[in-house]
Undergrad: 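After the structure tokens below, expect a handful of questions from me.
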Amino acid sequence: RMIFLEMKKGGLVPDVHTFSCLIECFCKVGRSDEACKLYVEMSEVGIRPTRRILSSIIEALSNAGQVDLAVRFFNEMQGDRINPDAYMYSTLIYAFWSADQEGQAWKFFNQMKEHNVSPSVATYNAMIKGLSSLGQTGKAFKVFAEMQEVGVIPDTQSYSCLIDRFIKAGKLVDAWKLYLQMIEKGLQLDVVVYTELINGSLEAQWTDDAKQFLEVKKIGALPNVVTYQSVVEGNVKAGDIIEA
RNA sequence: CGAUGACCACGUC
């Protein structure tokens, strides 16, 4: 910012790259307020925004809990002939779920399809996460089915999210079905999924399974602090203080 | 360039 002021003082005129760079930096460090100010300044000197600038601002505002403002940028940018892409839609959809705006999430999810912007894995994952955190595992599973129908391959995160919710809902059979499906499809199981599976195993008192998921060499994923927290807590809850 | 999954944190009351 200091250099920016200095260059203006020295008579140099900032161009779109100058603004882009600064706006992106402010967005990255969570200063969407500063980013917006620069956006206004940029518009005032007659520089049209780029897709990249808007993408940064929409994301920063979404993360700052200012989804409504993000939506305004999203709508207004179309006047500058910048069309939203799957990335921007995903960012907004995720933010809607975080802000408890289920209706908006669905609206934008449907809207993007109507406008022929194909939802990406992240878009579907945002929907799955949002629905499952509301306890709507049935709907989440429908979205999971839909993505496969349209040829978007679920990734580790898609499975992880559903497995976690099924376990928390006590639907261990469903969770394990997905676990087996991951193996079948050759998906990489990572520490997050294993930690979830350990939680499920311990809840069902399948101590041997839980131990098996900690076998580093066999499964190729290093347990982390969250994993061990689960192991300890799960065993305590199961009444096995020694094992814990 | 950049978005999405477990615990915690954050946020709301």
Side-chain angles (χ1 to χ4, degrees), chain A residues 16-17 20-30 32 35 50-67 70 73-74 82 84-101 105 108-109 112 117-133 137 140-141 143-144 147 152-169 175 178-179 182 187-203 210 213-214 221-234 236-237:
Chain A
V16 66
H17 302 290
S20 180
C21 187
L22 277 169
I23 290 174
E24 274 176 60
C25 287
F26 277 120
C27 285
K28 257 182 216 151
V29 297
S32 51
T50 59
R51 152 182 310 281
R52 189 168 165 150
I53 288 172
L54 280 152
S55 201
S56 299
I57 289 188
I58 287 171
E59 188 179 343
L61 288 171
S62 296
N63 291 336
Q66 312 213 57
V67 214
F73 277 96
F74 182 88
I82 297 175
D85 57 16
Y87 193 98
M88 295 186 196
Y89 270 111
S90 307
T91 303
L92 280 180
I93 288 171
Y94 184 80
F96 286 136
W97 285 112
S98 309
D100 264 333
Q101 301 194 31
F108 277 73
F109 183 54
M112 70 187 291
V117 180
S118 307
S120 64
V121 192
T123 318
Y124 279 107
N125 287 352
M127 290 299 292
I128 291 171
K129 163 90 188 303
L131 287 165
S132 23
S133 51
T137 42
F141 200 74
V143 172
F144 180 70
M147 71 192 286
V152 177
I153 316 279
D155 62 9
T156 304
Q157 294 192 33
S158 326
Y159 280 95
S160 159
C161 186
L162 283 170
I163 288 175
D164 181 55
R165 292 332 289 205
F166 278 139
I167 287 173
K168 285 182 177 144
L178 288 174
Y179 159 55
M182 285 185 82
L187 270 170
Q188 181 65 45
L189 302 217
D190 63 11
V191 62
V192 174
V193 181
Y194 282 120
T195 303
E196 293 167 351
L197 291 169
I198 286 171
N199 273 318
S201 308
L202 290 173
E203 194 167 309
F213 291 133
L214 275 172
L222 276 177
N224 61 21
V225 63
V226 180
T227 317
Y228 284 111
Q229 275 166 7
S230 298
V231 172
V232 172
E233 196 183 314
V236 169
K237 277 189 185 155

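It should be emphasised that the depicted structure is a prediction, and the values quoted were computed from it without experimental measurement. Basis for what follows: all heavy atoms, side chains included, without hydrogens, waters or symmetry-related copies.
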Undergrad: Closest heavy-atom contact between A:I163 and A:M182?
TA: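 Heavy atoms of A:I163 and A:M182 come nearest at CD1-SD, 4.0 Å.
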
Undergrad: Assign A:E59 to base, sugar-phosphate, or nothing according to its heavy-atom contacts below 4.0 angstrom with the strands shown.
TA: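 Here A:E59 touches the backbone only, sparing every base.
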
Undergrad: Assign A:S56 to base, sugar-phosphate, or nothing according to its heavy-atom contacts below 4.0 angstrom with the strands shown.
TA: nothing

Undergrad: Rounded to whole Å, please give me the gap between CD1 in A:I82 and P in B:rG2.
TA: 19 Å

Undergrad: For A:Y94 and B:rG5, what is the distance between atoms OH and C1' respectively, to the nearest whole Å?
TA: 9 Å

Undergrad: Regarding A:T156, tell me which of base, sugar-phosphate or nothing describes its non-hydrogen contacts under 4.0 Å with the strands shown.
TA: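 If one applies the 4.0 Å heavy-atom cut-off, A:T156 turns out to touch a base.
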
Undergrad: If stacking means aromatic ring centre less than 5.5 angstrom from the base's six-membered ring centre, planes under 30°, is A:Y159 stacked on B:rG5?
TA: no

Undergrad: If you look at every strand shown and take non-hydrogen atoms under 4.0 Å, does A:V225 touch a base, only sugar-phosphate, or nothing?
TA: nothing

Undergrad: Quick check for you: among B:rG5, B:rA3, B:rG2, whose closest atom lies nearest to any side-chain atom of A:S160?
TA: B:rG5

Undergrad: For the aromatic rings, using the six-membered ring if either is Trp, is the centroid distance between A:F109 and A:Y124 under 6.0 Å?
TA: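 Yes, close enough.
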
Undergrad: How about A:P223 and A:Y228: do any of their side-chain heavy atoms sit closer than 4.5 Å?
TA: yes

Undergrad: Return the value, rounded to whole Å, for the distance between atom CG of A:D190 and atom P of B:rC7.
TA: 14 Å

Undergrad: Could you work out which one of B:rC7, B:rA3, B:rC1 sits closest to the side chain of A:S120?
TA: B:rA3

Undergrad: What is the distance, rounded to the nearest whole Å, between atom CG of A:N63 and atom C1' of B:rU4?
TA: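 Roughly 12 Å, once rounded to whole Å.
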
Undergrad: Under 4.0 angstrom, heavy atoms only, what part of the nucleic acid is A:S98 near: base, sugar-phosphate, or nothing?
TA: nothing

